[in-house]
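Letters go in sequence order (proteins before strands), and every chain restarts at 1.
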Amino acid sequence: MQKRKNGNLWRAEKRITKAIQEALQKIKEEGWNVPEGKEILLQRPRKEEWGDFSSQIAFNLAGLNKKPPQVCAENLVKNLPPLEDFVEKVEVVGGFINFTLGLPYLFSFLTEILKERENFPRLDLGKGKRVLIEFVSANPTGPLHIGHGRGAAIGSALSNLLEKGGYKVEREYYVNNVGRQIELLGESLALRLREIEGEKVTFSPDHYQGEYLKEMAETHYKELKEKKEDIAYLSRFASQLILEDILETLKNFGVEFDRITYEDSLYKESRVEKAIEELKKKKGIYEKDGALWLASTQFGDEKDRVIVRKDRRPTYLASDIAYHKEKFSRGYDLLVNIWGADHHGYIPRLRAGLKFLGLPKEKLKIILVQMVSLIKEGKKLSLSTRKGEFVSLEDLIEEVGKDVCRFFFLTRRPDTQLEFNIDLAKKEAPENPVYYIQYAHARIASIFRKWEKRKPLEGLSLQLLKEPEEIKLLRLMALYPWLLEGAINSLEPHRLTAYLQELANAFHRYYDRVKILGGEEKVELARLGLVEGVRCVIASGLKILGIQPRERM
RNA sequence: GCGCCUGUAGCUCAGUUGGAUAGAGCAUCGGACUUCUAAUCCGAGGGCCGGGGGUUCGAAUCCCUCCAGGCGCGCCA
């Protein structure tokens with residue numbers, strides 16, 4: 001890719017930040033105290049009349065220099081380098097420094113969008129750094145439920161987002177195909193097989209009693225009947241089929257993985273053994289009551305945890321530490337885990353284990369996704385996998401649609417509990433914000449279908465865009481890269497949804513007031529360029545969210 | 001009991017290092033289609049940001065405390 005010579009020149013907020021830094025340097029030479037080593041972040045003013053970006057740096061200066069913010073701001077502004085080529089107004093209001101972008105800049109920004117199309121903007125925050133995002137990782141003991149769906153949506157949107165930011169992203173699913181849960185799965189299948197043969201069987205509460213195993217037993221009875229005593233075989237058989245099913249569901253949900261890691265491979269490669277050995281060497285493990293314990297209290301855990309049982313079998317913690325050690329060894333710059341919030345108590349012990357091994361814990365970010373409860377026909381449903389009383393993700397996708405479902409999960413912060421009201425989601429489907437955004441996209445596509453001349457959108461006279469609604473759209477689009485960077489740096493894909501709604505709203509309003517086709521040719525072309533720009537930004541945003549931009553509705 | 005998360009409009013939720021008069025969607029009420037798709041647009045009402053205390057020039061945001069909800073506290077994963 002040919003890199004632009006002028007680098008970030010098209011990014012107004014970057015240039016403003018740089019200008020502020022220069023001004024700070026200058027007033028420092030005049031004897032002012034200036035904040036050192038502080039990243040200058042711009043914010044978006046709450047009101048349009050306050051411009052496009054604002055800085056509150058003067059409030060910091062006020063504290064450091066014992067002068068009113070207004071005075072500090074004014075002095076700083078006096079020392080700003082010339083910005084006229086892209087900023088039309090710099091104003092100090094109550095200590096805030098407000099920057100209003102100039103029209104020529106906004107026009108060139110649109111030109112930039114039209115050049116890159118849906119790929120706009122090209123960001124290079126990640127600078128090719130490698131990120132691993134591990135998510136879903138549901139045990140292959142039953143179909144995914146709606147809670148997994150939330151983690152899946154967030155994980156895949158976050159992956160897309162970081163990829164957009166110039167990170168090299170790998171998406172990974174960790175499969176726990178070892179241990180008691182898998183054993184129980186095999187036992188449950190065995191019981192179902194015996195049931196088919198007319199035997200009266202009783203399930204313990206720990207067994208998986210969902211219909212899916214009954215169906216599996218019926219479908220595969222012939223090939224399994226010889227193996228019905230071989231629990232290990234049945235466990236493998238069932239978990240493999242279920243995993244395939246899970247991955248299929250996720251694919252329908254727009255989620256795919258670059259890598260699947262199986263827990264049993266960690267054992268086969270002696271990684272668990274080695275991790276335990278190393279922990280022993282690093283004095284992280286001691287023996288008590290015949291078991292081996294991880295001294296996790298040393299690093300803030302509530303109590304020490306068993307890592308190898310009395311019977312010498314390692315616990316889940318052992319393989320998980322081994323797994324994370326292995327992930328670290330692959331050399332990523334950032335590791336993200338997306339976990340169900342019910343695992344939160346598990347974090348301190350894992351971190352303690354990693355700390356003993358001397359792994360850089362700041363490279364591991366764990367995003368907890370809170371529970372999803374479901375309301376259907378006015379009733380709250382439980383999500384227990386074992387009892388089999390849950391609404392599967394597959395059913396949900398079928399009922400409300402992939403796009404609505406993803407959007408629903410992606411508008412909210414991960415750490416709030418979510419009540420998914422299925423009746424409402426279905427009933428309100430046409431009013432749903434996701435359709436609102438898609439409709440904006442479809443309307444623009446429709447305009448272009450209607451447009452007969454079909455010229456290339458080049459050499460546009462963008463200065464003919466003068467309507468307030470047009471300027472508003474230009475200003476909003478100019479925020480997009482800034483917004484994306486904020487979402488990327490904070491690992492918060494949900495910021496994108498509100499922005500897309502706002503952009504769609506500005507478009508619908510424009511569409512309502514201003515006729516795009518049919519005016520004087522140069523104006524028509526400029527307007528087409530404008531709405532094409534809007535379409536590209538919407539398409540770009542929806543692509544990150546994993547939602548289909550629609551051509552028609 | 002202890003730990004973690006949450007509490008913002010009737011409902012579902014946003015709210016960039018603490019900053020300007022707290023926002024959106026839905027719902028409600030009132031208006032707009034001989035026009036590029038009305039799945040749209042415009043307007044109105046609606047809030048002691050759970051309560052109380054504190055830090056600060058400034059708090060929805062930070063600290064303490066209480067209340068409410070969820071989750072966790074296994075030699076399960």
* With a 4.0 Å cut-off on heavy atoms, is A/D320 in touch with a base, just the backbone sugar-phosphate, or nothing at all? -> nothing
* Are A/F96 and the base of B/A20 stacked, counting only ring centres nearer than 5.5 Å and planes tilted under 30°? -> yes
* **Residue mapping more 5' on RNA chain B - nearest nucleotide basis, A/Q56 or A/R443** => A/Q56
* To the nearest 0.5 Å, tell me how far A/L500 CG sits from A/Y436 OH. => 12.0 Å
* Going by modelled atom types, is there a donor-acceptor pair between the base of B/A77 and the side chain of A/T315 at under 3.5 Å? -> no
* Asked: Above 12 or not: heavy atoms from other molecules or residues under 6.0 Å from CD of A/E452?
  -> no
* Residues of residues 480-504 of chain A with any non-hydrogen atom less than 4.0 angstrom from an atom of RNA chain B: list those, numerically ordered, please. => A/W482, A/H494, A/R495
* Asked: RNA chain B: A/D311 or A/R550, which has the more 5' nearest nucleotide?
  -> A/R550
* To do: May I ask you to say what A/F448 touches in the nucleic acid, namely base, sugar-phosphate or nothing, with a heavy-atom cut-off under 4.0 Å?
  => nothing
* **Closest to side chain of A/K515, choosing from B/A77, B/U6, B/C36** => B/C36
* To do: Could you please name the option among B/A20, B/G25, B/A77 that lies closest to any side-chain atom of A/P433?
  => B/G25
* Asked: Got a salt bridge between A/E470 and A/R527, using NZ or NE/NH1/NH2 to carboxylate O under 4.0 Å?
  -> yes
* **Nearest-Å distance once atom C1' is located in both B/G50 and B/C5** => 16 Å
* To do: Run the numbers on A/T100 and A/D52 for side-chain hydrogen bond (donor to acceptor under 3.5 Å, both in side chains), then give the verdict.
  => CA-CA 5 Å; A/T100 304; A/D52 298 293; 5.1 Å; no
* Is the distance from OP1 or OP2 of B/U40 to the nearest side-chain N or O of A/R509 less than 4.0 Å? -> no
* To do: Just call it for A/R552: base, sugar-phosphate, or nothing, with non-hydrogen atoms closer than 4.0 Å on any strand.
  => base
* Ignoring hydrogens and angles, answer whether the base of B/C73 and the side-chain atoms of A/E302 contain a donor-acceptor pair closer than 3.5 Å. => no
* Asked: If only atom types and distance count, is the side chain of A/R309 paired as donor or acceptor with the main-chain N or O of A/V306 below 3.5 Å?
  -> no
* To do: Test for a donor-acceptor pair under 3.5 Å between the base of B/G72 and the side chain of A/H343, counting only N and O atoms.
  => no
* What does A/L418 touch in the nucleic acid at a heavy-atom separation under 4.0 angstrom: a base, only the sugar-phosphate, or nothing? -> sugar-phosphate
* To do: For A/F408, report the nucleic acid contact type (base, sugar-phosphate, nothing); a contact means any heavy atom under 4.0 Å.
  => nothing
* Does B/U6 have OP1 or OP2 sitting under 4.0 Å from an N or O in the side chain of A/R413? -> yes
* **Nearest listed nucleotide, side chain of A/H344, among B/A77, B/C4, B/U35** => B/C4
* Asked: Can we call the ring centroids of A/F409 and A/H494 under 6.0 Å apart?
  -> no
* Please check if the side chain of A/N432 supplies one atom and the backbone of A/V434 the other of a donor-acceptor pair under 3.5 Å. => yes
* Consider the side chain of A/R46, meaning its heavy atoms from C-beta on, and name the nucleotide among B/A22, B/C36, B/U37 that approaches it most closely. => B/A22
* To do: Could you tell me whether A/A341 contacts a base, only the sugar-phosphate backbone, or nothing, with contacts defined as non-hydrogen atoms closer than 4.0 Å?
  => sugar-phosphate
* To do: Identify whether any heavy atom of A/V514 sits under 4.0 Å from a base atom; if not, whether one sits that close to sugar-phosphate; answer base, sugar-phosphate or nothing.
  => base
* When you check the gap from the basic side-chain N to the acidic O, do A/E172 and A/K327 get nearer than 4.0 Å? -> no
* Structure fact -> Secondary structure of RNA chain B per the Watson-Crick/G-U criterion (both distances under 3.5 Å; [ ] crossing, | other strand, . unpaired) is (((((((..((((.....[...)))).(((((.......))))).....(((((..]....))))))))))))....
* Checking all strands, does A/K303 fall into the base, sugar-phosphate, or nothing category for heavy-atom contacts under 4.0 angstrom? -> sugar-phosphate
* For A/F59 and B/G58, is the gap between ring centres under 5.5 Å while the planes differ by less than 30°? -> no
